[in-house]
Amino acid sequence: MKHLTLTTLLLASLPSFAQKASTENLVQYAHPLVGTAKMGHTYPGATVPFGMVQLSPDTDTISYEQNGKYNPRVYEYCAGYQYADKTIVGFSHTHFSGTGHSDLGDFQVMPTTGPLQLNPGTADQPEKGFRSRFSHQNEVAEPAYYRVKLDDHNILAELTASNRVGMHQYTFPQSDQAHIILDLTAGIYNYPDKNVWTFVRVENDSLITGYRQTNGWARTRVEYFAMAFSKPFASYGSRNYSKKEVYRGFWGRFDQAHNFPELAGEQLRLYFDFKTAANEKIKVKMALSGVSTEGALRNLKAEILGWDFEAVKRQGQAQWQEQLSKVAIESPKKVDKENFYTAMYHAALSPTTYMDVDGQYRGLDQNIHQAKGFTNYTTFSLWDTYRALHPLFNLLEPKRNADMVQSMLAHYDQSTLHMLPIWSHYANENWCMIGYHSVPVIADAVLKGVVPADQAQRALDACVATAHQKRYDGIGYYEQLGYVPEDKSGASVSKTLEYAFDDWCIAQLAKKLGNKEIEAEFSKRAQNWQNVYDQRIGFMRPRLADGSFRKRFDVLSTNDQGFIEGNAWNYSLYVPQDPAALIAKMGGEKKFIPHLDSLFTMHLPDEFFAETEDITRDGIIGNYVHGNEPAHHAAYLYNWTSQPYKTQARVRMILPKMYRPTPDGLGGNDDCGQMSAWYIFSSLGFYPVAPGSPDYALGSPAVHGATINLENGKTFRIKVKNQSDKNVYVKEARLNDQKLTRPFLAYADVVKGGELVFTMAGKP
């Protein structure tokens, strides 16, 4: 029989596009464990590109609340998993990738052997509960596949997934006491009252359905499930951990703890008993829906009808091969491919699908809607992802980004405040972070022709209405004064600067549509950044409602200085819509360049970010905080000066310092793919400094070559001559054999296909 390699199996499942794009197995280079240590906040489990299910291990159950207050340690568990931990408490089906706050962790499943234990135990004494010790030596994490040995129970756990269904495969030892536990009390960023209600029906001896409603980051989140077993369970039971209820009706006449088919309560754990032979595999399928249990069952039948675990894994990895093949890079170093394709992997984890196979989804109004002509998405971490992730989608998969814009417009239609999403997930707006950054995502997509022309006016109307919502986060003051006053609304400088950029995007959109009135209004608002610039000290600075600058001020501190997750040194560079005007405002490049130089060379003592949990030493170079987003464009600002070679040197310095193919290889939260999108763009040699602009800023490519396989069927080829670790400077760049005289590249030139040739040198 002919030996089939993983590459052969993957390519056999792919459409012709991916087969043409790459004949190399790219899945081998993408490592889900990257970022699972320290503050990367990624998860290692199984999912498919933009999948609704993220089936992954959880290594602890730390509560958000401790003695009635916020428990800082919970921050480590935004993704449910920490690489340093020694135990696994279960495998749940929903996770965020790389966030700095959290939710989810739905429907946690754990296989066990021995006497039944329905408490999770503790990390230092796992034997007192159902959790288990594990070793990284017995752990494998690949795109669409995860495997680990649960040492305390002698069970091999394997996970894979389709879009809406998670599939488990548990290899048991011989046992008369084998169990599978379904923990409906568990959750990420959990606390005692997070579960509002839980309902379960045991439909037969191998199928259960149900839902739970939670009140967390999303205050009204309802998730439905259908759970099927490959083998009938011999018996089952439950325990209700709900606090004492004032009224229970007349359900007390039943023994609901043993073999009772309908259960309801705030805190439920269920168990299912089996007898197993040695090495017997029991498989579980868990389908999700935001609509109904009927929807979950439809999703189950549509996506994974049988029990062939390996077939589901192969199909999932084939999807990842197709996704990763959108860009084929060349490099003699394996580490370059590992960094690049791990970044490509992380950049395709969110936003996530949020609709059933029939197109139904739960809307922001908590009603059920039908997506007509588009896929509905959720998980919009827009303060992060407007910068590079959505611009990456405009380049690599414009159809998907157009659907994401449609999802944002649907959110706007369902919003009682008539606002686009700020940070939304699972039919909820959680209002996290600042700005109205749906605007640059939508404007960039419209301006680049990604959104259909007949939707452009609707998009502009939604952007304008959002920017005029006076009740939101200081906008009333912003419109009245031209800035957000710090004594009325905190993080005021960051808000003013980010609103001004968003306003510039609205002006560009209005200009394209020929609406001169709106263009003029928002072009003026886009200048509001100047109102928080203190000419006397050369920094952005918080102002008060009376017009004065606040006296108490420290340009290095990240705490209570008018900024969010950054300091004045970083945020004073945030005028991406007009760097030339910023340079002039700061006294010209003779003053600007030393300021920008100092960002990368000075030392920021720990005391200045000790109270900001999103900033750690791992993500800092000098005073440049790459592990957070506000300065992600900063290295490219030299392109607006006479020294663009410094952009080239800075980018090539940042790449290996902040990205490594190891569990601790991310310099900060991946933030739903933004950190990874920065890597992808920067390693290819260009970056979208200002979404909404027609141009990318050139940097210094780290690859030896690349082919971007565009959705329109064309290819954009990048060639790099004289590439090496020392040759970080661009001696010459030629587009289609025409020498570029400015360090910029037009989006339009990329998407029509062609060739960009960099010639590198060791000196500027």
Classify the side-chain pair Q360/H369 by whether it contains a donor and acceptor separated by less than 3.5 Å. no

Do L745 and D695 have side-chain heavy atoms sitting under 4.5 Å apart? no

State, yes or no, whether a side-chain contact exists between V327 and N709 at a heavy-atom distance under 4.5 Å. no

More than 12 non-hydrogen atoms from neighbouring residues, nucleotides or ligands closer than 6.0 Å to CZ on R219, yes or no? no

Can you tell me how far the CG atom of L573 sits from the CZ atom of F592, to the nearest 0.5 Å? 5.5 Å

Below 30° counts as parallel, above 60° as perpendicular, anything between as tilted: where do the rings of F96 and W423 land? perpendicular

side-chain hydrogen bond (donor to acceptor under 3.5 Å, both in side chains) partners of S548, counting only residues at least two apart: D546

State, with a plain yes or no, whether a side-chain heavy atom of K326 is found less than 4.5 Å away from one of I708. no

Would you call the rings of W217 and H425 parallel, tilted or perpendicular, where under 30° means parallel and over 60° means perpendicular? tilted

I'd like to check the salt bridge (charged side-chain N to carboxylate O under 4.0 Å, His left out) partners of K399; sequence neighbours left out, ordered by chain and number. D403

Please check if any side-chain donor atom of Q469 sits under 3.5 Å from a side-chain acceptor atom of H418, or the reverse. no

Indicate yes or no: at least one non-hydrogen side-chain atom of L420 is less than 4.5 angstrom from one of C463. yes

Quick one: CE on M586 to OG on S572, what's the gap to the nearest 0.5 Å? 6.0 Å

Look at D578 together with K585 and state whether they make a salt bridge at an N to O cut-off of under 4.0 Å. no

Under a 3.5 Å threshold, yes or no: a donor from one side chain and an acceptor from the other, between E521 and H468? yes

Using a strict 4.0 Å threshold on nitrogen-to-oxygen distance, state whether R543 and E486 make a salt bridge. no

Establish, yes or no, whether a centroid distance under 6.0 Å links the rings of W640 and F744. yes

Should the ring pair Y696 and F686 be called parallel, tilted or perpendicular, given that the plane angle runs from 0 to 90° and is split at 30 and 60? tilted

Not counting sequence neighbours, which residues clear side-chain contact (heavy atoms from CB on, under 4.5 Å) with S489? List them please. D473, V484, K495

Have E519 and N515 got a donor and an acceptor in their side chains that come within less than 3.5 Å? no

Against the six-membered ring of Y747, is K448 placed for a cation-pi contact (under 6.0 Å from the centre, within 45° of the normal)? yes

List the steps and the verdict of side-chain hydrogen bond (donor to acceptor under 3.5 Å, both in side chains) for D503 and Y436. CA-CA 9 Å; D503 291 342; Y436 28 89; 2.6 Å; yes

Should we say atom CD of Q370 is surrounded by more than 12 heavy atoms from elsewhere, each under 6.0 Å from it? yes

Heavy atoms, side chains only, cut-off 4.5 Å: are I422 and L382 in contact? no

Can a donor-acceptor pair be found between the side chains of T379 and T352 at a distance below 3.5 Å? yes

Ring centroids only, cut at 6.0 angstrom: are H437 and F380 within range, meaning strictly under it? no

Determine whether the aromatic ring centres of Y189 and H101 lie less than 6.0 Å apart. yes

Any side-chain heavy atom of E711 sitting closer than 4.5 Å to one from V751? no

Heavy-atom side-chain proximity of I368 to R362 below 4.5 angstrom: yes

Step-by-step side-chain hydrogen bond (donor to acceptor under 3.5 Å, both in side chains) determination, T612 to E565: CA-CA 7 Å; T612 307; E565 297 186 10; over 6 Å; no

Show your reasoning for whether side-chain contact (heavy atoms from CB on, under 4.5 Å) applies to T375 and T353. CA-CA 7 Å; T375 297; T353 304; 4.2 Å; yes

Quick one: CG on L364 to OG1 on T416, what's the gap to the nearest 0.5 Å? 7.5 Å

Looking just at side-chain N and O atoms, do Y638 and E589 make a donor-acceptor pair shorter than 3.5 Å? no

With distance as the sole criterion, is a donor-acceptor pair present between the side chains of Q323 and E397 under 3.5 Å? yes

Identify, with sequence neighbours excluded, every residue that meets side-chain contact (heavy atoms from CB on, under 4.5 Å) alongside R734. E732, D737, K739

How about Y477: does its OH atom have over 12 heavy atoms from other parts shown lying under 6.0 Å from it? no

D534 (side chain) donor-acceptor with M540 (main chain) under 3.5 angstrom: no

Judged by modelled atom types alone, do D444 and N394 share a side-chain donor-acceptor pair under 3.5 Å? yes

Check: H632/N628 side-chain N/O donor and acceptor closer than 3.5 Å: no

Measuring centre to centre across the rings, with the benzene-like ring taken for any Trp, is Y478 within less than 6.0 Å of Y499? yes

Answer yes if the ring centres of F600 and Y624 are under 6.0 angstrom apart, and no otherwise. yes

With a 4.0 Å cut-off on N to O distance, would you call R525 and D502 a salt bridge? no

Any donor-acceptor pair under 3.5 Å linking the side-chain atoms of S676 with those of D670? yes

Starting at CE of M675, measure out to CD of E629 and round the result to the nearest 0.5 Å. 7.0 Å

What is the distance from atom OH of Y574 to atom OG of S494, rounded to the nearest 0.5 Å? 9.5 Å

Are the side chain of Y472 and the backbone N or O of G435 linked by a donor-acceptor pair below 3.5 Å? yes

Got a sec, which residues hit salt bridge (charged side-chain N to carboxylate O under 4.0 Å, His left out) with K524, two or more places apart in sequence or on another chain? none

Can R387 be said to sit on top of W383's aromatic six-ring, NZ or CZ under 6.0 Å from centre and within 45° of the ring axis? yes

Taking atom CZ of F681 and atom CG of L389, what is their separation to the nearest 0.5 Å? 9.0 Å

Yes or no on side-chain hydrogen bond (donor to acceptor under 3.5 Å, both in side chains) for S682 and Y636, after CA distance, side-chain angles and deciding distance? CA-CA 10 Å; S682 295; Y636 288 89; 2.7 Å; yes

For K511, the salt bridge (charged side-chain N to carboxylate O under 4.0 Å, His left out) test, sequence neighbours excluded, returns none

Do L756 and F716 pass the side-chain contact (heavy atoms from CB on, under 4.5 Å) test, and can you show the C-alpha distance, the side-chain angles, and the key distance before you say yes or no? CA-CA 8 Å; L756 176 64; F716 187 76; 3.6 Å; yes

Side-chain touch V405/L409, heavy atoms, less than 4.5 angstrom: yes

Between the side chains of Q648 and S700, is a donor N or O closer than 3.5 angstrom to an acceptor N or O? no

Tell me whether R400 forms a cation-pi arrangement with F393, defined as NZ or CZ under 6.0 Å from the six-membered ring centre and within 45 degrees of its axis. no

Run the side-chain hydrogen bond (donor to acceptor under 3.5 Å, both in side chains) test on Q530 and Y483 for me, step by step, so that the C-alpha distance in whole Å, both residues' side-chain angles and the decisive distance to 0.1 Å come before the verdict. CA-CA 9 Å; Q530 300 188 51; Y483 63 93; over 6 Å; no

